[in-house]
Amino acid sequence: MSVQDVTDDDIRPTSLPVNNSAIGKAVAVLSALRSSRGPMTLTAIAEAIGVAPSSAHSILSHLLKESMVLQVQDKRYELGPQLFYLGAGYAGSTAVYRATWMELVDAAAELGVTSAVAVQWDDSFLVLNSHRAGRANVAMPFAGRVPLDASSWGKVYFAWSGAKLPTKLTRYTEATITNPKAYAEEIQLTRQRGYATDRGEFHEGVGGVCAPVTSSAGFEGLATFVVPLDRLQDADCERLGQALVAITARASLTLGDVGQVKFFGSA
């Protein structure tokens, strides 16, 4: 089986407002490079952020000195290693990553699935890291963004974050639940068993399970196992869900949410 890739077409790209401050313009340049399919010319960058080429060149010169961008072939620009260094520091500092990641990687290897962790960022989830193990055949790019209401991720978010259920649900595939009443019932079922399921509701041919990581402060983020949909029978859903909940419940206890362990009935 070929690898199914949850591509940038399925994960919402980063989009930040442009303002006229020096920092705002620098962030706009970095955002344009992040959204690009490849290195960009000076002219393309200037057009993307709405400034003169001379202004874009000045911004790029400063970013080059800090290794936030690199100049490659044909005088084109791409993101630099400093951004990865800073971003990795952020990912590693989050509670959900610290409390779950190593155990998720081990479980993914044992189960032959793709694992990932994510936190809320504005109106979407930011994927902090992902790991494709064995015969998973599903790749999920880290640092991608997933809509808050997407499949099992959305069910977990609305079940544990306290956020109000949306009155209108986005259809991502033919399997997406768009009926508010049916969706509310899924949320209730998610709370009862401690994890949510996805049967091709966000990306065709891909399914999985998702569970929350909480702390004494509330919802911290989520962890997920993802597999090709043809591997996700009822027994597989339950097995993956229970394995995932065992990890997230321990993580939640570590972060101070003793209620989660009692709720899931696992230590």
From CG (Leu240) to CZ (Phe225), nearest 0.5 Å: 7.0 Å
Under 3.5 Å donor-acceptor, Gln120 side chain and Asp122 backbone: yes
From CG (Asp149) to OG (Ser124), nearest 0.5 Å: 11.0 Å
Considering all heavy atoms, the nearest Pro166-Phe158 contact: CD-CZ, 3.4 Å
Pairs involving residues 152-168, ordered by first then second residue, that meet salt bridge (charged side-chain N to carboxylate O under 4.0 Å, His left out) (sequence neighbours left out): Lys155-Glu186, Lys155-Glu201
Test side-chain contact (heavy atoms from CB on, under 4.5 Å) applied to Cys237 and Arg199, step by step: CA-CA 10 Å; Cys237 259; Arg199 299 176 183 274; 3.5 Å; yes
With sequence neighbours excluded, residues passing side chain to side chain donor-acceptor pair (under 3.5 Å) with Thr94: none
Any side-chain heavy-atom pair of Pro147 and Trp153 under 4.5 Å: no
Single-linkage hydrophobic cluster Leu189~Ile187, side-chain heavy atoms < 4.5 angstrom: no
Results of salt bridge (charged side-chain N to carboxylate O under 4.0 Å, His left out) for Glu47 - residues two or more places apart only: none
Sidechain-backbone polar pair: Ser215 side chain, Ala217 backbone, donor-acceptor under 3.5 Å: yes
Pro39 versus Gln73, closest heavy-atom pair with distance: CG-NE2, 4.3 Å
Validation row: Val206, Leu229 side chains within 4.5 angstrom (heavy atoms): no
Interatomic distance, Leu169 atom CG to Asn179 atom CG [nearest 0.5 angstrom]: 8.5 Å
Nearest-0.5 Å distance, CD of residue Glu220 to OG1 of residue Thr248: 13.0 Å
Can you list, pair by pair, the side-chain donor-acceptor contacts under 3.5 Å of residues 54-72, counting residues two or more places apart and other chains?
{"unit_1": "Ser61", "atom_1": "OG", "unit_2": "His57", "atom_2": "O", "d": "2.9"}
{"unit_1": "Gln71", "atom_1": "NE2", "unit_2": "Tyr77", "atom_2": "OH", "d": "3.1"}

Residue Glu110 excluded, over 12 heavy atoms near CD under 6.0 Å: no
Residues Glu204 and Thr173: side-chain donor-acceptor under 3.5 angstrom: no
Residue pair Ser152 / Asp198: nearest heavy atoms and the distance that separates them: OG-CB, 3.7 Å
Taking every non-hydrogen atom, the tightest pair across Thr100 and Ala251: CG2-CB, 3.5 Å
Contacts of Arg98 that satisfy salt bridge (charged side-chain N to carboxylate O under 4.0 Å, His left out) - sequence neighbours left out: none
Donor-acceptor pair, side chain of Arg145 and main chain of Trp121, under 3.5 angstrom: yes
Contact check, side chains of Tyr90 and Leu126, non-hydrogen atoms, under 4.5 Å: yes
pair Phe219-Pro212: side-chain heavy atoms closer than 4.5 Å: yes
Interatomic distance, Gln188 atom CD to Tyr183 atom OH [nearest 0.5 angstrom]: 14.0 Å
Leu33 and Ile45, any side-chain heavy atoms less than 4.5 Å apart: yes
Main-chain N/O of Val138 paired to Thr114 side chain as donor or acceptor, under 3.5 Å: yes
Donor-acceptor contact present, side-chain Asp74 to main-chain Arg76, <3.5 Å: no
Distance, nearest 0.5 Å, that separates CG of Asp106 from CH2 of Trp101: 10.5 Å
Side chain to side chain donor-acceptor pair (under 3.5 Å) involving Ser36 - partner list, sequence neighbours excluded: none
For Ala108 against Ala133, the heavy-atom pair lying closest together: O-CB, 3.3 Å
side-chain contact (heavy atoms from CB on, under 4.5 Å) partner of Trp160, the single match among Val213, Leu222, Thr214: Thr214
Check: Val127 and Phe125 side chains under 4.5 Å, non-hydrogen atoms: no
Heavy-atom closest pair, residues Leu244 and Ala211: CD2-N, 3.5 Å
